[in-house]
Amino acid sequence: MCGIVGYVGPKRASDILLAGLASLEYRGYDSAGIAIAEEGRVDVTRRVGKLANLSAAVAADPPAGVIGIGHTRWATHGRPNEENAHPHTDCAGRIAVVHNGIIENYLELREELVAAGHTFRSETDTETIAHLLESLYEGDLTAAVAAALRRLHGSYAIAVLHADHPGTIVAARLDSPLIIGVGEGENLVASDIPAVLRHTREILVLEDGEVATVDANSVTVVDRDGAPVVSERMHIEWDLDAAEKGGYEDFMLKEIHEQPRALRETLRGRVGDDGLIQLSELDMTDEQVRSIDRVFITACGTSFHAGLVAKTLIETWARIPVEVVVSSEFRYRDPLVDDRTLVVAITQSGETADTLAGVREARQRGGKVIAITNVVGSRVTRESDGVIYTHAGPEIGVAATKTFTAQIAALYVLALYLAQTRGTLDREQIGGIWAHLQDVPGHVETILSDLSAVQECAAVYKDRYSSLFLGRGIGVPVAMEGALKLKEISYIHAEAYAAGEMKHGPIALITSEVPVVVVATASDTYEKVVSNIQEVRARGAEVISVATQDDHDIAKHSEHVLYVPEVPELLSAILAVVPLQLLAYYIAKYRGCNVDQPRNLAKSVTVE
Ligand code: AGP
């Protein structure tokens, strides 16, 4: 969603805000803006489009002020134009506000404020906050913000600047992330950690309803009743390198190449000296694990595809029925959750609004909720009963890659743990699977060591308008993820199907212009997949197969083969998806697309 940054200290604020916004640009890139307080006034600069447009405008006339707030926008209310860009100001132009989230009652408030004489200049919900503050301000900015929050319904993270208080930023949050970076003689406010890391590794995470008053030398936090709060500081271990490109052309390519490390880190320490899988994060007695009679998995997008992989793993190994539901549907379908239900919420960001809503629904119904996330301290970690972290490091590219394979690694651990505790696999079987799993990161390295086949293939198909992705069994979610990656970053239409379903409709789409990507790795249904390949080739389609090393026969049935090392069928998902990530990446690059910031998308979707 949108990115927020604020700075107060001795340095020129505009430099720090622009650098901070650059590391948050993945959260939204429709428009960007900054407000700087100086000499008793607030100056706002905003531009439509990428941050570079704002940077150029600021460079032409750099403000000298040492306090400011900035924003990079992903439009929700109002088109992406300059009037709707943040920061928004009140009538007098003395209060500036940046906001991430949605104010649900903004129309009602807007009508009330217009009736009271306020003049609005944008279509946004955010501008309402600026005028509301103007109407409530009586000399104490923190008090005005607290009073405004009592009138706002919805979700927000806000940072506010007032010309009368040129040393103070007031920040607050509800259901949208906001952190304070605590420095030496300077402090920052941001919606995500990379924006503050150049200046400090000490952070405070604001909780829902809290209001922070941030000066250069102090941070004061109060809760929604105005009572002082002592927030716990967190020290961030990872450094900025992890959030920068490190010699790669794009974050996405870097993150694809970081998968072996992300997998090793996520699997590390999961088997004890006794050979048993360790999963203390589940925080359930063996008896409780044995009493689970149903698993729900709720997630969106790529995380949903990881959930589909997990369904096969849990049902096959632990013999528990699993339902995977996209989060935006989960809570509206009166889900059959009770105290014997385990609900797994998968969200790399930990802040996807639909998934969080599903978590709340599940807990209200008595379900035990375990979150799988990549972001320490994120919202989902606070709302779930237990958390399994994927240790993938920060993912900046909007298209999820390393977090997807790390999620699957974490789900292997969960599925094996459930099977071990319920006795559906014995120690020897688990040991055998684990030994193969340990080899997976090295196999991904092998795939990444030679990109020539995938590059060649991408060059051939880069100008097609449509494509089909097929798979069977665990290959179905892999095909779905491959299709999602391609459409997200290259804008080529891509549809994924269970290969056996194809003849029930999608085969009508086949022409020689529509390439078909088939997950054809070694499996019990391999022969059937080959039959499906023949069906589409008979109708003129060109086929790109993802196949197991040494499967020479497949080359007779395919125009292109992308080989992956051999592993047992249920472990093949991680390996088979890597060539599809690369295929999408190179096709998008050859088409000249911005792979890190595809149009209309944002890294995390914090609105329902
Ligand atoms: C992935 O490439 C997408 N950008 C998107 O589908 C994403 O997976 C989805 O929004 C869920 O995000 P989350 O894992 O942070 O909840």
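Bear in mind that the values here come from a model prediction, so they are computed numbers and not experimental data. Only this structure's heavy atoms are used, side chains among them; waters, hydrogens and symmetry mates stay out. Counting convention: from 1, in listed order, for ligands and their atoms alike.
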Given the options D385, T298, V359, V343 meets side chain to side chain contact (heavy atoms under 4.5 Å, CB included) only with T298
Quick one about Q259 and T401 (side-chain donor to acceptor, distance below 3.5 Å, no hydrogens or angles considered), yes or no?
no
Does Y461 use its side chain to pair, donor to acceptor, with the backbone of S467 at less than 3.5 Å?
no
Taking atom CD of E123 as the centre, does the number of heavy atoms from other residues, nucleotides or ligands within less than 6.0 Å exceed 12?
yes
I'd like the atom pairs linking ligand 1 to the protein - N or O on both sides, separation under 3.5 Å - with distances to 0.1 Å.
unit_1   : atom_1 : unit_2 : atom_2 : d
ligand 1 : 2 (O)  : T302   : OG1    : 3.3
ligand 1 : 2 (O)  : A400   : N      : 2.9
ligand 1 : 2 (O)  : K485   : NZ     : 3.0
ligand 1 : 2 (O)  : E488   : OE1    : 2.7
ligand 1 : 2 (O)  : E488   : OE2    : 3.0
ligand 1 : 4 (N)  : V398   : O      : 3.0
ligand 1 : 4 (N)  : E488   : OE2    : 2.8
ligand 1 : 6 (O)  : T302   : N      : 3.4
ligand 1 : 8 (O)  : T302   : N      : 3.1
ligand 1 : 14 (O) : S303   : OG     : 2.6
ligand 1 : 14 (O) : Q348   : N      : 2.7
ligand 1 : 15 (O) : T347   : OG1    : 3.4
ligand 1 : 15 (O) : S349   : N      : 3.0
ligand 1 : 15 (O) : S349   : OG     : 2.6
ligand 1 : 15 (O) : T352   : OG1    : 3.4
ligand 1 : 16 (O) : T347   : OG1    : 2.7
ligand 1 : 16 (O) : T352   : OG1    : 2.4

Is the terminal nitrogen or CZ of R599 (NZ for Lys, CZ for Arg) located under 6.0 angstrom from the six-membered ring centre of Y491 and within 45° of that ring's axis?
yes
With sequence neighbours left out, write down each residue that passes side-chain hydrogen bond (donor to acceptor under 3.5 Å, both in side chains) with N81, or none if nothing qualifies.
N84
